[in-house]
Amino acid sequence: MEKSLLSILLDTQRGGEQSILATLKFAILPIAKVFTMCFMGCLMASKYVNILPPNGRRLLNGLVFSLLLPCLIFSQLGRAITLENLLEWWYIPVNILMSTISGSLIGFVVACIVRPPYPYFKFTIIHIGTGNIGNIPLVLIAALCRDESNPFGDSDKCSQDGNAYIAFGQWVGAVVLYTYVFQMLAPPPEEIFDSLEEEKLPITAPVNAVNNAVPEQVPLLTPRKPEAIVLESSKRGKIISQLHYLVEKLKLKRIFQPPITASILAIVIGTVPFLKQLILTDDAPFFFFTDSLLILGEAMIPCILLALGGNLIDGPGAGTAKLGFRTTAAIVFARLILVPPAGLGIVTLADKLGFLPKGDKMFKFVLLLQHSMPTSVLSGAVANLRGWGKESAAVLFWVHIFAVFSISGWILLYLGLLF
């Protein structure tokens, strides 16, 4: 009796050790794979190889953003989503909004404490508050689910469900990015270079300029455009001008990027049974189209990591000098260390309130990942558009370097809580 009890205790201890080792394996190996592929991209972009120069990386980023990522989103999300799932997944967009709000509040507190140099107060809040909810989670899910012994079960279902959950929240991230982030990163009034400067430009020559001009240069007749006047006076012209103003004001062209369009199409087609059986299912007449998109989508992960690794070859540059060591370190620390615990509390509260599907551990894991990612690469693109390119590049460089270690720790914690 004692022997059998002792053997049971020993077996339990061995099982605990194996579970800890398995958890360490699934927490560290995905990051190791990401780091290896990024290192390859960095090597290809180095001066010794120079296969991925800046123009090549720009083209590769454009290929990923415009083709490969939309293919992955459409094929994975469309095949996984149904009308019932659409009602069950409602908390994913809410979680992204909560992540942005909580991260921005933490960023505001950190900015008040650190007091970044002028005019980087809002810049600090944004780079702490906005995380990468698309590319990096997709890479981690792919690396985690590739192992057949992963804790989430079947590799194909693990990958499909994880990618579908991540893709479902992409459109919310884009709306946040091109509304809230775009406005917060507006340059100071004395440095505005976009629409306000264009409004100051005179459309026609002012009267004083005409009076002070040389007589030979003054036109005898003021040129008139009767066609434009008729168009503006017409009702149709007013409607067109109002629609054009609305599109420009709401930044609809920036919001409806290819990944967002792919998400909308996948949701529409995936929730309509007739269209889904026509295109997305394995026995569909047009499944060859979806299968082609699946093949293209598989190339997204290595391409985005090669491009990310290549972008890190340039280093922090002059951006760190402008921000200062204190501000840069505060952004990295707050984004990677302070924001994830707040996200863990938010997701845990939502689970206790019954907002999450019961028994779906992948769903909860994806929600936790959305709070634990480094600063969004697309926020760096918006910062570059608004004139903060060097500073944002420095932040992205350091935050992705240290994210290799922080994400491993958070994944280890999340898998321990889930399993």
Side-chain angles (χ1 to χ4, degrees), residues 95-133 136 172-194 196 251 315-347 368-407 409-410:
N95 186 65
I96 295 174
L97 293 177
M98 294 298 295
S99 173
T100 304
I101 293 172
S102 62
S104 298
L105 290 176
I106 294 174
F108 177 78
V109 174
V110 170
C112 290
I113 296 174
V114 176
R115 294 182 180 179
Y118 178 82
Y120 297 114
F121 189 87
K122 293 182 179 180
F123 178 91
T124 302
I125 296 175
I126 287 299
H127 281 73
I128 294 175
T130 56
N132 192 321
I133 61 171
I136 302 298
V172 185
V175 172
V176 171
L177 191 69
Y178 290 104
T179 53
Y180 168 66
V181 175
F182 190 84
Q183 294 299 325
M184 285 285 286
L185 290 180
E190 66 272 12
E191 298 180 10
I192 289 179
F193 52 86
D194 49 5
L196 292 182
K251 304 291 188 292
T320 305
K322 291 184 177 181
L323 287 172
F325 173 78
R326 185 179 179 182
T327 302
T328 305
I331 293 175
V332 174
F333 179 80
R335 180 64 230 176
L336 300 180
I337 304 300
L338 299 182
V339 173
L344 178 60
I346 292 172
V347 175
L368 292 171
L369 281 183
Q370 290 174 343
H371 291 273
S372 310
M373 293 296 101
T375 304
S376 173
V377 177
L378 291 180
S379 69
V382 175
N384 189 27
L385 182 66
R386 300 296 262 171
W388 311 105
K390 294 181 179 180
E391 297 87 344
S392 182
V395 170
L396 291 176
F397 176 84
W398 291 116
V399 79
H400 280 86
I401 291 295
F402 288 100
V404 174
F405 307 101
S406 67
I407 293 177
W410 290 118

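We number each residue from 1, following the sequence as shown. Quick caveat, the model's predicted, so the values are computed rather than measured. The analysis underlying the following values was restricted to heavy atoms, covering all of them including side chains, and did not include hydrogens, waters or symmetry mates.
Summarising the geometry, atom CE belonging to M184 is positioned 6.0 Å from atom NZ belonging to K122; distances are rounded to the nearest 0.5 Å. Within the model, atoms CG of L396 and CD1 of I401 stand 11.5 Å from one another, a figure rounded to the nearest 0.5 Å. Atom CE of M98 is separated from atom NE2 of H371 by 8.0 Å, given to the nearest 0.5 angstrom. To the nearest 0.5 Å, the span separating CD1 on I136 from CD on Q370 amounts to 14.0 Å. Atom CZ of F123 and atom OG1 of T327 lie 9.5 Å apart (nearest 0.5 Å). Separation of atoms NE2 (H127) and CD1 (I331) is listed at 7.0 Å; rounding is to 0.5 Å.
Scored by the side-chain hydrogen bond (donor to acceptor under 3.5 Å, both in side chains) test, S104 finds Y180 as partners (sequence neighbours excluded). Not counting sequence neighbours, H400 has no partner by the side-chain hydrogen bond (donor to acceptor under 3.5 Å, both in side chains) test. Considering only residues two or more places apart in sequence or on other chains, S372 meets the side-chain hydrogen bond (donor to acceptor under 3.5 Å, both in side chains) condition with Y414. By the side-chain hydrogen bond (donor to acceptor under 3.5 Å, both in side chains) test, N132 is found to be paired with no residue, residues two or more places apart in sequence or in another chain being considered. In this view, F108 and C112, F121, I125 satisfy the side-chain contact (heavy atoms from CB on, under 4.5 Å) rule, not counting sequence neighbours. Applying the side-chain contact (heavy atoms from CB on, under 4.5 Å) test to V404 and every residue at least two apart in sequence or in another chain returns I31, F35.
Between P374 and I407 there is a side-chain heavy-atom pair separated by less than 4.5 Å.
Residues V110 and A330 approach most closely at CG1-CB, 3.9 Å, considering heavy atoms. The heavy-atom pair separating A111 from P116 by the smallest distance is O-CD, 3.3 Å.
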Distance-only check: which donor-acceptor pairs under 3.5 Å involve side-chain atoms of residues 335-344, not counting sequence neighbours?
from: R335; atom 1: NE; to: M373; atom 2: O; distance (Å): 2.9
from: R335; atom 1: NH1; to: I128; atom 2: O; distance (Å): 2.7
from: R335; atom 1: NH2; to: M373; atom 2: O; distance (Å): 3.2

message: For a side-chain contact (heavy atoms from CB on, under 4.5 Å) check, start with the C-alpha distance between V114 and T124, then their side-chain angles and the critical distance, and finish with the verdict.
response: CA-CA 10 Å; V114 176; T124 302; over 6 Å; no
